[in-house]
Amino acid sequence: MTAIIKRELVSFFKNPIGWFVIAVYTFLSAILFTLFVIWQNTSYLGDYFGFWLFFVDMIVVGILSMRFFSEEKKNKTDQLLLTSPISLYQLVLGKFFGALIIFLTCTCVNFIYVLIIDIFGTVDYGCLLTNLIGTVLVLSSMIAIGLFVSSLTESTIAAAAATIAILFFMFVIDFFAMFFPTWLADIIMHGNIYAQFDDFTNGILNLPPIVYYLSVTVIFLFLAVRMIERRRWS
Amino acid sequence: MITVSGLTKRYGNKIAVNNISFTINQGDIVGILGPNGAGKTTTMNMITGYISSHAGKITVDGHDLLEEPSKAKASIGYLPEIPPLYHDMTVKEYLSFVYNLKGCAKKENIKKKKEHIAEVCEVVKITGVYNRLIKNLSKGYKQRVGLAQALLGDPPILILDEPTAGLDPKEIVEIRNLIKRLGTRRTILLSSHILSEVQAICERIIIMNEGFIVMDALAEDLTMRMGANTRYGVRLAAPEDADVLGVLGALPGVAKIEYVGSFEKGTIDFIIEAEKKTDIRRLLFDECAKRNWYILMITPLGMSLEDIFIQLVAQNDEQRALEAKSREKGKKDKQQPENSAEDSGNAQDEAKDGEKK
């Protein structure tokens, strides 16, 4: 599994696209920081982490999902991975942790903003910690969804587009919920990947959202493994 | 070393590999030969665990591929038709990745990473391009890097899918020699659709067509089978009025003689075919010498791969048709006693009815 993680990291940081992604990520997060923190004259980071940063992650996960399995399949390098003496779970987890580390590296840019707030105001470190924990959990769920979508198709463009579409749909799912009966709408709204993040932005570490994000991660990783296995049998 | 029994793979309604079985012993160099779409790559992909089979069992180095996939896969070095290379990596990075991926560090008999990779690079002769990006390498070198990744971890079995496809003649010879050298202490299964290649490298040849094994024989047997037909192309300088075809066609042991044309002034070309197990070359020479005809050229016309395929497939179809017939006959024979019993029963009933009336 460590070999796969290492390969993902080397490939990302050696590729110009990797640095382009980091640049876009930093640029967008700087705009959001300016909009939600500096212009609001506040030291509260919840809004920054909460609403808009998701859009950035959504697009970046989409771009990264192209590389997960679709590109391997397209370049026939999946033959090396699937005929090597590692299990499918090790393969999928290797890809997952590789992507998570890449994202966490991108997220490091936030420490610059923390430093800026610390110089000009007061940082609520408790709130910052819950936001960071929440971000890691949301990213895990998003990456797992991206991995699953990538395991479905050989087309890298389709993988990116489908991942962004699914993550966007999960964002606007509340809108569709109002067309359903109340009991069903409640269930649908609980499935909103972004609504579950509210507690973290408010500095609250609650068990249900943690369980929710971990469940989404595990389920989609499991589905990705099953999908690769199914393709081997088809 | 590799045991395959009743292996079947379907893609939708098409059966790509149909109930094939074979065993490859330790140290064998076996070639799978067949036209495109014969099922060679599918068979190799199943043995290496890349795709699953719909029926059958595969055992690699004593490990069942379904029950102990990791152990079975650890015994195999696989070079697919398109080498699985990451073009954004250097050769060094790529081989280091494969070394880690295969868990070579945990193997007892494997040297330390740097030494082992250096050793493999030396064997496949890629030391000179060790620090170069894979995407900048020539096709021949890419193939060698692919072979190097298959050799990492020192697997006892090598599976090579069309290892010389797309290479230039010089590279083909080099890769063939390399495979031969590797085969001195490894079991090798390779596929090709080039007969001469398989003959040059392999001791045993499995011929596949449309998912079936149509022949599994030693390379020598195949060569004999190919040489068994005694057809020669002959160019003869003889007087224009000489009845060459009539005279030579009447020689004992000649089965057929066929005029081809005249490609040089004062000569004729023809194909002469002898009866089985007859060498007509001496007779032909004596007869021509007696009549002062000059043999300018004599070329043995062996069977081409296509000829062998046609022959083998025809035999195979015939055999399958016979089997199907005998199965049908068997079914009919089984049904007949039942029918006759029913008929006799009906006749008895009718007789009884008649009596009652």
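Naming: A, B, ... by sequence-line order, numbering from 1 per chain.
- Between the CD1 atom of A:I101 and the OG1 atom of A:T107 there is a distance of 12.0 Å, given to the nearest 0.5 Å.
- If you measure heavy-atom distances from B:L85 to chain A, the contacts under 4.5 Å come from the backbone alone.
- Heavy-atom distances place the side chain of A:K6, and not its backbone, under 4.5 Å from chain B.
- Residue B:S96: no heavy atom, backbone or side chain, is found under 4.5 Å from chain A.
- Ranked by heavy-atom pairs under 4.5 Å with chain B, the first of A:E229, A:K76, A:R7 is A:R7.
- Contacts of B:L133 with chain A are made by side-chain atoms alone, with heavy-atom separations under 4.5 Å and no backbone atom involved.
- A distance of 6.0 Å or more separates the ring centres of A:F12 and A:W19.
- The neighbour count for A:F111 CZ, taken as heavy atoms of other residues, nucleotides or ligands under 6.0 Å away, does not exceed 12.
- Between chain A and the options B:P84, B:G49, B:A150, the largest number of non-hydrogen pairs under 4.5 Å is found for B:P84.
- B:Y50 and B:Y78 have their aromatic ring centers separated by at least 6.0 angstrom.
- For A:F49 and A:F200, the ring centers are positioned 6.0 Å apart or more.
- Between A:Y48 and A:Y113, the gap from one ring centroid to the other is short of 6.0 Å.
- The distance from atom OG1 of A:T77 to atom OH of B:Y94, rounded to the nearest 0.5 Å, is 8.5 Å.
- Heavy-atom distances place no part of B:K71 under 4.5 Å from chain A, backbone and side chain included.
- Contacts between A:E72 and chain B at a heavy-atom distance below 4.5 Å involve the side chain alone, from C-beta outward.
- The candidate from B:D88, B:T48, B:N100 with the greatest count of non-hydrogen atom pairs under 4.5 Å with chain A is B:D88.
- The ring of A:F220 has its center closer than 6.0 angstrom to the ring center of A:F148.
- The candidate with the highest count of non-hydrogen atom pairs below 4.5 Å against chain A, out of B:K9, B:Q149, B:E81, B:R10, is B:K9.
- Within the 4.5 angstrom heavy-atom criterion, only side-chain atoms of B:Y11, from C-beta onward, approach chain A.
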